[in-house]
Amino acid sequence: MAQPTWGQTQNLRSQEVQRLLQQAIMLTQQQEHQQAIQILEQALTIARELKDQKREATALLGLGFNYDRLGEKQKALDFYNQALLLRRTVGDKAGVATTLNNIGKVYDDLGEKQKALDFYNQALPLRRTVGGSHRCCHHTQ
């Protein structure tokens with residue numbers, strides 16, 4: 001059998017990262033946060049190898065979301081901030097808005113109401129721009 005070409009290998013890896021992200025979403029929805037984190041870490045590694053910033057940001061957002069659900073707020077903020085930087089880099093306004101909302105929610109949970117409000121207020125005009133009408137805390141966007 002012939003060896004796969006570089007392009008075919010890249011495509012297979014891209015499909016693998018997408019499959020891992022879908023699996024992580026399902027685990028997150030089932031509240032299997034530790035398992036979701038393990039899968040997201042694998043997805044993150046592959047996305048970084050592929051230099052796929054959009055999927056890297058999705059994995060980071062998912063990690064933040066799952067750590068938030070486990071009560072590990074500082075870890076959640078670390079991942080959310082990394083995701084925010086990447087979402088801005090790739091020009092994903094909807095993703096930026098979601099990430100800002102998620103960061104706001106963490107600060108809200110920590111009792112830092114003014115900081116939370118600052119992030120919610122940054123997200124609001126972006127939500128209007130992209131047609132979002134609700135405050136969402138999903139990592140799937």
Side-chain angles (χ1 to χ4, degrees), residues 2-141:
Q3 291 293 316
T5 65
W6 180 84
Q8 288 169 326
T9 301
Q10 292 292 95
N11 191 41
L12 288 172
R13 297 291 277 163
S14 184
Q15 289 172 13
E16 183 181 357
V17 75
Q18 188 59 37
R19 182 186 58 77
L20 289 168
L21 289 171
Q22 291 300 322
Q23 188 179 353
I25 289 166
M26 284 176 35
L27 288 166
T28 300
Q29 290 169 344
Q30 294 163 4
Q31 299 184 27
E32 298 288 345
H33 301 297
Q34 291 287 5
Q35 284 180 274
I37 286 167
Q38 290 174 358
I39 299 297
L40 286 162
E41 285 172 347
Q42 291 174 44
L44 181 61
T45 299
I46 298 168
R48 284 179 171 163
E49 286 170 8
L50 294 172
K51 297 182 176 26
D52 184 337
Q53 291 184 314
K54 195 165 174 72
R55 287 188 176 131
E56 182 181 349
T58 300
L60 289 165
L61 195 60
L63 285 162
F65 188 88
N66 281 283
Y67 277 114
D68 184 16
R69 291 303 179 266
L70 290 172
E72 297 191 45
K73 303 298 181 182
Q74 192 53 57
K75 262 190 174 175
L77 285 173
D78 290 345
F79 284 112
Y80 284 153
N81 282 315
Q82 290 177 63
L84 183 60
L85 183 63
L86 278 177
R87 295 279 193 198
R88 284 182 168 147
T89 300
V90 300
D92 178 2
K93 286 185 181 178
V96 168
T98 297
T99 308
L100 288 167
N101 268 323
N102 288 10
I103 293 170
K105 184 193 170 300
V106 173
Y107 282 120
D108 206 354
D109 292 345
L110 291 170
E112 296 188 43
K113 304 300 181 187
Q114 189 54 56
K115 244 182 178 175
L117 196 57
D118 291 344
F119 282 96
Y120 290 147
N121 284 334
Q122 288 178 61
L124 191 58
L126 289 171
R127 283 251 173 245
R128 288 181 179 144
T129 302
V130 297
S133 61
H134 63 286
R135 197 181 112 212
C136 173
C137 296
H138 282 264
H139 69 277
T140 57
Q141 294 188 350

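Since the model is a prediction, treat every value here as computed from it, not as a measurement.
Between the CG atom in Leu124 and the CZ atom in Phe119 there is a gap of 15.0 Å [rounded to 0.5 Å]. Here Gln34 contributes atom CD and Leu70 contributes atom CG; the two are 5.0 Å apart, rounded to the nearest 0.5 Å. Separating the NZ atom in Lys51 from the CD atom in Gln53 is a distance of 10.0 Å, to the nearest 0.5 Å. Put simply, CG on Leu20 and CD1 on Ile46 are 5.0 Å apart, with the number rounded to the nearest 0.5 Å. Atom-to-atom distance recorded for Leu126:CG and Asn121:CG is 11.5 Å, nearest 0.5 angstrom. Between atom OG1 of residue Thr98 and atom CG of residue Asp92 there is a gap of 8.0 Å, rounded to the nearest 0.5 Å.
Considering only residues two or more places apart in sequence or on other chains, Glu32 meets the side-chain hydrogen bond (donor to acceptor under 3.5 Å, both in side chains) condition with none of them.
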(request) Any chance you could lay out the side chain to side chain donor-acceptor pair (under 3.5 Å) test for Arg55 and Ser14, step after step, and finish with the verdict? (result) CA-CA 9 Å; Arg55 287 188 176 131; Ser14 184; 2.6 Å; yes

(request) For Leu110 and Val106, run side chain to side chain contact (heavy atoms under 4.5 Å, CB included): C-alpha distance rounded to whole Å, both residues' side-chain angles, the deciding distance at 0.1 Å, then the answer. (result) CA-CA 6 Å; Leu110 291 170; Val106 173; 4.0 Å; yes

(message) Working note: Glu16 + Leu12, criterion side chain to side chain contact (heavy atoms under 4.5 Å, CB included); need CA distance, chi angles, decisive distance, verdict.
(response) CA-CA 6 Å; Glu16 183 181 357; Leu12 288 172; over 6 Å; no

(request) Under the side chain to side chain contact (heavy atoms under 4.5 Å, CB included) rule, what do His33 and Gln31 come out as? Steps first, then yes or no, please. (result) CA-CA 5 Å; His33 301 297; Gln31 299 184 27; 3.9 Å; yes

(request) Could you go through the side chain to side chain donor-acceptor pair (under 3.5 Å) check for Asp118 and Gln114 one step at a time? (result) CA-CA 6 Å; Asp118 291 344; Gln114 189 54 56; 3.1 Å; yes

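Residues Thr99 and Ala83 approach most closely at CG2-CB, 4.3 Å, considering heavy atoms.
Using a 4.5 Å heavy-atom cutoff, the side chains of Lys105 and Asp109 are in contact. Contact annotation: the side chain of Leu77 never approaches that of Tyr67 to less than 4.5 Å [non-hydrogen atoms, C-beta and beyond]. Side-chain contact check for Arg13 versus Val17: every heavy-atom pair is 4.5 Å or farther apart. By the 4.5 Å heavy-atom criterion applied to side chains, Tyr80 and Leu61 are counted as neighbours.
Atom NZ of Lys113 is surrounded by more than 12 heavy atoms from other residues, nucleotides or ligands within 6.0 Å.
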Using atom types as modelled, flag every donor-acceptor pair under 3.5 Å from a side chain in residues 35-45 to any protein atom, sequence neighbours excluded.
unit_1, atom_1, unit_2, atom_2, d
Thr45, OG1, Glu41, O, 3.0

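With 3.5 Å as the limit, one finds no donor-acceptor pair spanning the side chains of Arg69 and Thr28.
No side-chain donor-acceptor contact under 3.5 Å links Asp68 to the backbone of Gly64. Looking at Thr89, its side chain does come within 3.5 Å of a backbone N or O of Leu85 through a donor-acceptor pair.
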